[in-house]
There are 2 protein chains.
Amino acid sequence: MEKKIKDEVIICDKQHVHPYSVEETRAEMPDEEELFSLAEAFKIFGDSTRIRIICALMHKELCVCDLAELLNMGQSAISHQLRLLRTSRLVKTRREGKSIFYSLDDEHIELIINAGLAHIREE
Amino acid sequence: MEKKIKDEVIICDKQHVHPYSVEETRAEMPDEEELFSLAEAFKIFGDSTRIRIICALMHKELCVCDLAELLNMGQSAISHQLRLLRTSRLVKTRREGKSIFYSLDDEHIELIINAGLAHIREE
DNA sequence: TTAACATATGAATAGATGTTCATATAATAA
DNA sequence: TTATTATATGAACATCTATTCATATGTTAA
């Protein structure tokens, strides 16, 4: 049997709020620091150049100018984005002569991408 | 038995590239339009205010001023972000008197959030 | 060594984005 | 009706971000 709680109150001169809901939700949420990191992580995926790089590397390792050619963009732009991906530990590098090959460095990346694809492909 | 292909070539006065890798990868990638939508979708998750709203609504529906109170932010800022989430079909609304209650409107959202959490919690 | 190639990076710039402020709309209570 | 409460929204502003340009670093070949 569920109890019904009247969750409504007037606080000072402020707006009506539902303090029980608010406090209950606050207790259930991940802490601020974690939510901030989560947003920062999604920010990395929230750019089409980086998404294209990531999806390309899901297939096979590629060097910088391969990616520039593939995405039809300048080498510098690609290189700047790769630095971000490297800093975020999403890609790793391997040198072979003058070329530097990039590949994915995280098993969760494909999970995230696939969850995102499932999301945009529905409805 | 795998064939080894020498995937290296000089194109005009341009850089060295690995044309076989590039063409193979191009063929395997989702189309441009889909990758653009994917980036747009992740962009929504790439802001800590919106992530906090989404995580709050994962627990239970809340009205605008509940969210403002919970996140310690102005009503207008919350309302603007809710509009974005509404436009992106991530939340739905229900009116009850003067309050408008927001809740999640997509079964994939929790998948994406959980994939993201798994990602930031490792290493 | 010098030349050519591959990548990285700092600075500048243009465009996108989040919050605030003021105000509008909508529902309810008096 | 008018006043109050809840939400929505346009405009302004400051901040952030992605690309370009110029150049530096590092590797290989001649």
Side-chain angles (χ1 to χ4, degrees), chain A residues 7-18 21-22 36 39-40 42-53 61-88 91-103, chain B residues 7-18 21-22 36 39-40 42-53 61-88 91-103:
Chain A
D7 186 15
E8 198 167 322
V9 117
I10 301 171
I11 295 187
C12 318
D13 56 340
K14 292 280 188 62
Q15 298 163 305
H16 284 82
V17 287
H18 308 92
S21 292
V22 170
F36 185 80
E40 291 301 303
F42 282 123
K43 221 168 269 183
I44 302 293
F45 293 90
D47 173 84
S48 57
T49 298
R50 289 190 295 268
I51 279 284
R52 290 191 298 159
I53 290 173
E61 67 170 10
L62 293 168
C63 72
V64 180
C65 64
D66 288 343
L67 286 164
E69 165 93 2
L70 176 64
L71 307 187
N72 199 32
M73 290 180 65
Q75 172 269 322
S76 182
I78 299 295
S79 203
H80 277 294
Q81 296 298 353
L82 285 171
R83 182 153 59 99
L84 241 175
L85 294 171
R86 224 186 313 122
T87 302
S88 311
V91 300
K92 60 178 191 283
T93 60
R94 176 179 75 79
R95 180 178 277 279
E96 187 179 305
K98 277 173 289 192
S99 294
I100 295 183
F101 286 90
Y102 280 81
S103 56
Chain B
D7 186 17
E8 199 168 319
V9 117
I10 299 171
I11 294 186
C12 319
D13 55 340
K14 293 282 190 60
Q15 298 163 304
H16 285 83
V17 287
H18 308 92
S21 292
V22 171
F36 185 80
E40 290 301 303
F42 282 124
K43 218 168 272 182
I44 302 291
F45 293 90
D47 173 81
S48 56
T49 297
R50 289 190 295 268
I51 278 285
R52 290 190 299 159
I53 291 174
E61 66 170 10
L62 292 168
C63 72
V64 180
C65 64
D66 288 342
L67 286 165
E69 165 94 1
L70 177 65
L71 307 188
N72 199 31
M73 289 180 64
Q75 172 268 322
S76 181
I78 299 295
S79 203
H80 277 295
Q81 296 299 352
L82 285 172
R83 181 155 58 99
L84 241 174
L85 293 170
R86 224 185 314 125
T87 303
S88 312
V91 300
K92 60 177 188 287
T93 62
R94 176 178 76 80
R95 179 180 277 277
E96 187 179 306
K98 277 174 287 191
S99 295
I100 295 182
F101 286 90
Y102 280 81
S103 56

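Just so we're on the same page: letters track the sequence lines, and every chain starts at 1.
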- What nucleic acid atoms does B:Phe101 come within less than 4.0 Å of, heavy atoms only: base, sugar-phosphate, or nothing? nothing
- Is there a donor-acceptor pair under 3.5 Å between the side chain of A:Ser79 and the backbone N or O of A:Gln75? no
- Query: Rounded to whole angstroms, how far apart are CG on A:Leu71 and C1' on D:dT20?
  - Reply: 17 Å
- Message: Among D:dA18, D:dA6, C:dT9, which nucleotide has an atom closest to any side-chain atom of A:Arg50?
- Response: D:dA18
- Whole Å only: how far is the CD1 atom of A:Ile44 from the P atom of D:dC16? 15 Å
- Query: Taking only side-chain nitrogens and oxygens of B:Tyr102, does any of them come within less than 4.0 Å of OP1 or OP2 of D:dA6?
  - Reply: no
- Item | Partner set under side chain to side chain contact (heavy atoms under 4.5 Å, CB included) for B:Ser48, not counting sequence neighbours | A:Phe36, A:Ala39
- Between CD1 of A:Ile100 and P of D:dT27 the distance, given in whole Å, is 9 Å
- Protein-proximity profile, nucleotides 19-30 of chain C, B/S/- by nucleotide at the 4.0 Å heavy-atom cutoff, equals SBBB----BS--
- Query: Any side-chain heavy-atom pair from B:Arg52 and B:Gln81 closer than 4.5 angstrom?
  - Reply: no
- Query: Is a donor on one side and an acceptor on the other found under 3.5 Å between the side chain of B:Arg83 and the backbone of B:Leu85?
  - Reply: no
- Message: Measuring from the side chain of B:Lys43 (C-beta onward, heavy atoms only), which nucleotide among C:dT17, D:dT17, C:dT9 has the closest atom?
- Response: C:dT17
- Message: Distance check needed: D:dA18 C1' versus A:Leu67 CG, whole Å only.
- Response: 17 Å
- Message: Output the rounded distance in Å from CZ (A:Arg83) to P (C:dA11).
- Response: 11 Å
- Task: Name all residues meeting the side chain to side chain donor-acceptor pair (under 3.5 Å) criterion together with A:Arg86; count only those two or more places apart in sequence or in a different chain, and write none if there are none.
- Result: A:Tyr102
- Task: Please state how far atom CG in A:Leu82 lies from atom P in C:dT7, giving the value in whole angstrom units.
- Result: 10 Å
- Message: Checking A:Glu61 now: which residues fulfil side chain to side chain contact (heavy atoms under 4.5 Å, CB included) with it, not counting sequence neighbours?
- Response: A:Arg94, A:Phe101, A:Ser103
- Message: In this structure, how many angstroms lie between the P atom of D:dT17 and the CZ atom of B:Phe42, rounded?
- Response: 18 Å
- Task: Report yes if some heavy atom in the side chain of B:Leu82 is under 4.5 Å from a heavy atom in the side chain of B:Thr93; otherwise report no.
- Result: no
- Let me know the distance between CG of B:Leu85 and P of C:dT17, rounded to the nearest Å. 14 Å
